[in-house]
Asks: 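One structure follows; several queries about it will come next.
Chain identifiers are assigned alphabetically (A, B, ...) following the order of the sequence lines, protein sequences preceding nucleic acid strands; residue numbering begins at 1 within each chain.
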Number of protein chains: 2
Amino acid sequence: MTGMDTVEWLSRHEQSVWRSLLRAQSRIESELDRDLHKGSGLSLVEYGILVSLSEAEGERMRMRHLADSVIVSKSRLTHQITRLERMGHVRREPCTDDRRGYWAVLTAEGRAALDAAAPGHVAKVRERVFDRLTPEQVTVLGEIMAALEEP
Amino acid sequence: MTGMDTVEWLSRHEQSVWRSLLRAQSRIESELDRDLHKGSGLSLVEYGILVSLSEAEGERMRMRHLADSVIVSKSRLTHQITRLERMGHVRREPCTDDRRGYWAVLTAEGRAALDAAAPGHVAKVRERVFDRLTPEQVTVLGEIMAALEEP
DNA sequence: GGAATGTTGTTGAATCTTCAACCGTTCTCG
DNA sequence: CGAGAACGGTTGAAGATTCAACAACATTCC
């Protein structure tokens, strides 16, 4: 089916690392998401979108670029931005120089929601991740994740 | 609101590590999920469930324990098992010694589906993760994830 | 025994995500 | 120029997830 005759299985050690990784990933994400949502009504993805917008020139981004930046499909971003628009955090503006495109623009309310959510969220990230690691581990983690994040 | 006066923000370096981590996480998960699904019709969570069952005594687990083991809510597991049951990969059996409970039992078809899916999936994990890291990095990653996975 | 309390697991509705099809615009290139 | 390919974004329906409420059984403790 796959064209492979033999499979190189994971070693015992690799397997245990891999499973730790999966559990850690899933715990971190669900805890952060739960707390963020409880504290601010935002999901992690929504928070990420607002962060991206807030750091962009003019607090605005093209849909495509925004989708890439938060690693989400075009379609999902469309729906998500529609919801954020309904919440008043974002507004759509047609793009003048490319008539296919739209800008997603951070509104004042969106900026306020982000500012309100950030402290608690950052505190959780610190507590859930950085407080558990030594500075050396953080450095190595950075190197590892840099290697893993590329396409 | 949170009772905190000042926030300890992330340092520049911590922030960059954190964002790498988020991107790596989301890339790895979505790629593995996509490939697994394409190759076997299973989602990552379904695959995880089948793996857990396959390693359990009698290839069966109580719902509660299974939910904890794959880190998913009871409710989500119920729906998920219903789907897996519909696919023929799992069957439910009432628990004899605790009449509230059910066993989720791996069927022969489920075992076969898992065996068929595993080689390709493992190959992807290797390619997407372990091949990019030195043995030392893998070891440190294991230590880090061990620290991060606990509750 | 039996009332409170805690567990297990399910349900259904609301919400969110995915997937494939689609429309209009821009780009490419003979 | 103009036909076709590629891009940017949306749509709607199907499928998955969450959330709060619930039913059934088990445990505790008087």
Asks: In whole Å, I'd like the distance from the CG atom of A/Leu77 to the C1' atom of D/dT10.
Replies: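 Those two atoms, CG and C1', are 11 Å apart.
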Asks: Is B/Lys124 paired with B/Glu31 through a side-chain N to carboxylate O contact shorter than 4.0 Å?
Replies: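 Salt bridge: no.
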Asks: Please state whether the phosphate of D/dT10, meaning OP1 or OP2, lies under 4.0 angstrom from any side-chain nitrogen or oxygen of A/Arg92.
Replies: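 Yes, within the criterion.
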Asks: Respond yes when some side-chain nitrogen or oxygen of A/Arg34 is under 4.0 Å from OP1 or OP2 of D/dC19, and no when none is.
Replies: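 No, A/Arg34 has no side-chain N/O under 4.0 Å of OP1/OP2 on D/dC19.
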Asks: Any side-chain N or O of A/Arg62 under 4.0 Å from OP1/OP2 of D/dC7?
Replies: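 It does not, given that no N or O in the side chain of A/Arg62 lies less than 4.0 Å from OP1 or OP2 of D/dC7.
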Asks: Does a nitrogen or oxygen in the side chain of A/Arg100 sit under 4.0 Å from OP1 or OP2 of D/dC7?
Replies: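 Answer is no, no contact under 4.0 Å.
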Asks: Which heavy atom of A/Leu133 sits nearest to which heavy atom of A/Val138, and what is that distance?
Replies: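 Shortest heavy-atom contact: CB-CG2, 3.9 Å.
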Asks: Roughly how many Å is it from CG in A/Asp97 to P in D/dG9, rounded to a whole number?
Replies: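 Distance check: A/Asp97 CG to D/dG9 P gives 11 Å.
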Asks: Could you tell me how far apart A/Ile71 (CD1) and C/dT17 (P) are, to the nearest whole angstrom?
Replies: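 Taking CD1 of A/Ile71 and P of C/dT17, I get 15 Å after rounding.
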Asks: Would you check if the side chain of A/Arg132 reaches a backbone N or O of B/Ala147 as a donor-acceptor pair within less than 3.5 Å?
Replies: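 The answer is yes, because a donor-acceptor pair under 3.5 Å joins these two groups.
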Asks: Carefully, step by step, assess B/Gln137 and A/Glu143 under the rule side-chain hydrogen bond (donor to acceptor under 3.5 Å, both in side chains).
Replies: CA-CA 9 Å; B/Gln137 285 178 316; A/Glu143 289 160 13; 4.5 Å; no
Asks: From the set D/dA26, C/dT26, C/dG12, return the single nucleotide nearest to any side-chain atom of B/His79.
Replies: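 The closest nucleotide is C/dG12.
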Asks: Looking at D/dT17, C/dT10, D/dT10, which one has an atom nearest to any side-chain atom of A/Tyr102?
Replies: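 Between D/dT17, C/dT10, D/dT10, the one nearest the side chain of A/Tyr102 would be D/dT10.
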Asks: Out of C/dT26, D/dT10, C/dG12, which has the shortest distance to the side chain of B/Ser75?
Replies: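 For B/Ser75, the side-chain atoms sit closest to C/dG12.
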Asks: Nearest-nucleotide wise, let me know which of A/Lys74 and A/Arg99 is further upstream toward the 5' end of DNA chain C.
Replies: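 First, find each residue's nearest nucleotide; the 5'-ward one identifies A/Lys74.
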Asks: Among D/dT11, D/dA16, D/dG8, find the nucleotide with the atom closest to the side chain of B/Arg83.
Replies: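 Selected nucleotide (nearest to the side chain): D/dA16.
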Asks: Determine: side-chain N/O of B/Arg76 to OP1/OP2 of D/dC19, distance under 4.0 Å, yes or no.
Replies: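 For B/Arg76, the contact criterion (side-chain N or O under 4.0 Å from OP1 or OP2 of D/dC19) is not met.
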Asks: Check whether any side-chain N or O of B/Gln80 sits under 4.0 Å from OP1 or OP2 of D/dA16, and answer yes or no.
Replies: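 The answer is no; no side-chain N or O of B/Gln80 sits under 4.0 Å from OP1 or OP2.
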